[in-house]
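Counting convention: from 1, in listed order, for ligands and their atoms alike. The basis for the numbers below is simple: all heavy atoms, side chains too, and nothing from hydrogens, waters or symmetry mates.
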Amino acid sequence: MDFQPVLDDIVSTLKPELGAGKVASYIPALARVSSHQLGIALRTREGAEYCAGDATTLFSIQSVSKVFSLTLAMRNLGEVLWQRIGREPSGNPFNSLVQLEAEHGVPRNPFINAGAIAVADRLVSTCGDGRAEILALLSSLCGEAVAFDEEVAASEAETGFRNIALANFMKGFGNIDNDVAPVLDLYFHQCSVAMNCVQLARAIGYLCNDGAHPLDGSALVSDRQARRINSLMLTCGTYDAAGEFAFRIGLPCKSGVGGGIVAVLPDTLSLCVWSPGLDETGNSLLGMKALEMFVARTGLSVF
Ligand code: GLU
């Protein structure tokens with residue numbers, strides 16, 4: 001199937017709405033990004049790539065990084081990882097402390113902040129250099145060198161009071177093994193990675209290819225692990241709107257407050273959309289619309 005006309009049509013149809021939504025404003029580097037941008041990229045399982053709009057503009061991947069850190073931790077730890085982290089949607093804000101108290105410091109899932117911080121702790125324990133391993137993984141998956149945005153990482157650290165609280169809280173329950181400082185340093189850096197839609201659509205390709213590396217075909221994770229990551233994305237990947245995403249789009253997705261959303265159609269293709277304006281759930285407003293249009297126009301979804 002030639003996806004180019006579909007992507008071009010999505011971008012031109014949404015053009016009049018550019019600027020809708022609210023750009024994340026908790027740090028200056030995100031607040032100054034123009035909301036008048038929309039990019040979309042798609043990669044088939046066989047490696048054909050298509051893109052439209054601002055698909056090669058770098059943006060802050062933020063919580064999209066949680067898929068890749070989880071992937072590394074699942075590779076390093078296997079089943080043992082799940083002794084520390086649950087697999088249920090939280091039904092609470094992504095940075096909530098309340099549920100963590102009631103559940104004795106065990107985060108509901110790896111995609112809320114507490115869960116991703118617990119994953120970062122596992123990476124600090126199992127990687128020689130967690131920061132380097134994240135960058136190496138992402139660069140290898142997209143075949144291009146990717147980097148941290150050190151300004152974003154520093155601002156995350158300066159303003160990340162809730163994340164600092166979550167890490168200390170979990171440590172109080174014995175669910176963080178390392179000092180909180182290196183754990184948070186890794187978490188803040190993974191959030192700060194800058195990538196574009198083309199790179200992310202390629203990088204997430206292992207989730208539509210039974211866990212095989214999109215470029216060299218080696219086993220990044222097992223088929224079973226890839227299925228599990230996809231199911232976590234479907235049920236927990238888009239903050240408190242996972243039900244709405246499943247209802248309107250029906251693809252495993254992971255979003256971030258930088259406005260990026262990756263999406264996977266298992267065995268078929270992977271996608272990344274980006275538009276910085278967010279809706280009230282913290283998901284990219286036009287990104288969600290673009291995915292909804294993609295599914296409506298192609299009839300492709302897991303359901
Ligand atoms: N750096 C953000 C935080 O931890 C990530 C937000 C997000 O994309 O969900 O608060």
Side-chain angles (χ1 to χ4, degrees), residues 21-33 35 58-70 85 89-97 99-100 107-121 123 130-131 134 138 148-170 176 180-195 197 200 204 232-233 235-242 245 253-263 272-285 287-288:
K22 254 186 92 193
V23 171
S25 57
Y26 68 97
I27 56 173
L30 294 185
R32 64 172 177 258
V33 175
S35 58
L58 294 176
F59 61 89
S60 189
I61 72 169
Q62 291 292 327
S63 281
V64 175
S65 68
K66 290 171 182 168
V67 180
F68 300 103
S69 59
L70 173 66
I85 301 159
S90 74
N92 272 291
F94 70 107
N95 55 6
S96 170
L97 273 153
Q99 198 166 49
L100 205 50
R108 270 283 171 108
N109 68 67
F111 294 152
I112 52 173
N113 282 13
I117 291 167
V119 167
D121 175 62
L123 293 180
R131 281 197 203 180
I134 289 275
L138 289 169
F148 299 122
D149 179 328
E150 290 294 349
E151 181 197 348
V152 172
S155 300
E156 297 282 351
E158 272 161 34
T159 60
F161 303 110
R162 268 182 177 265
N163 291 321
I164 296 163
L166 288 167
N168 281 290
F169 201 52
M170 286 189 287
I176 294 283
V180 295
V183 173
L184 288 166
D185 177 73
L186 179 56
Y187 175 72
F188 292 139
H189 273 84
Q190 72 178 65
C191 288
S192 82
V193 169
M195 290 176 77
C197 291
L200 275 170
I204 204 75
L232 285 165
M233 284 168 60
T235 53
C236 313
T238 47
Y239 309 113
D240 247 356
F245 265 75
C253 294
K254 182 73 200 88
S255 56
V257 294
I261 309 175
V262 291
C272 177
V273 294
W274 169 64
S275 187
L278 308 178
D279 66 13
E280 60 292 340
T281 67
N283 293 293
S284 170
L285 184 67
M288 189 172 183

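For the atom pair C197 SG and I261 CD1, the distance stands at 10.0 Å (nearest 0.5 Å). A distance of 9.0 Å separates SG in C253 from CG in N283, rounded to the nearest 0.5 Å. Put simply, CE on M233 and CZ on F245 are 10.5 Å apart, with the number rounded to the nearest 0.5 Å. Within the model, atoms CZ of F188 and CD of E150 stand 13.5 Å from one another, a figure rounded to the nearest 0.5 Å.
Taking any N or O of N163, backbone or side chain, at least one lies under 3.5 Å from an N or O belonging to ligand 1. On a distance-only criterion, G256 and ligand 1 share no N/O pair closer than 3.5 Å.
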Problem - Full working for side-chain hydrogen bond (donor to acceptor under 3.5 Å, both in side chains) between N95 and N113 - result: CA-CA 5 Å; N95 55 6; N113 282 13; over 6 Å; no
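For E156 and Q62, the side-chain atoms include at least one donor-acceptor pair closer than 3.5 Å.
Only the side chain of E156 comes within 4.0 Å of ligand 1, counting heavy atoms alone; its backbone N, CA, C and O stay farther away.
Atom numbering of ligand 1 starts at 1 in the shown order; those under 4.0 Å from a heavy atom of Y26 are 1 (N), 2 (C). Close approach to C191 involves these atoms of ligand 1, each under 4.0 Å from a residue heavy atom: 1 (N). Shown in contact with Y239 at under 4.0 Å from a heavy atom are these atoms of ligand 1, numbered in order with element: 7 (C), 8 (O), 9 (O). Near N113, the atoms of ligand 1 lying under 4.0 angstrom from a non-hydrogen atom of the residue are 3 (C), 4 (O), 10 (O). Each of the following atoms of ligand 1 lies closer than 4.0 Å to a heavy atom of S63: 5 (C), 6 (C), 7 (C), 8 (O), 9 (O).
Among all non-hydrogen protein atoms, the one lying nearest atom 5 (C) of ligand 1 is Q62 OE1, 3.1 Å.
Taking the six-membered ring where tryptophan is involved, the planes of F148 and H189 are perpendicular, since the angle between them exceeds 60° and thus also 30°.
Y187 counts as a contact of ligand 1, since one of its heavy atoms falls under 4.0 Å from the ligand.
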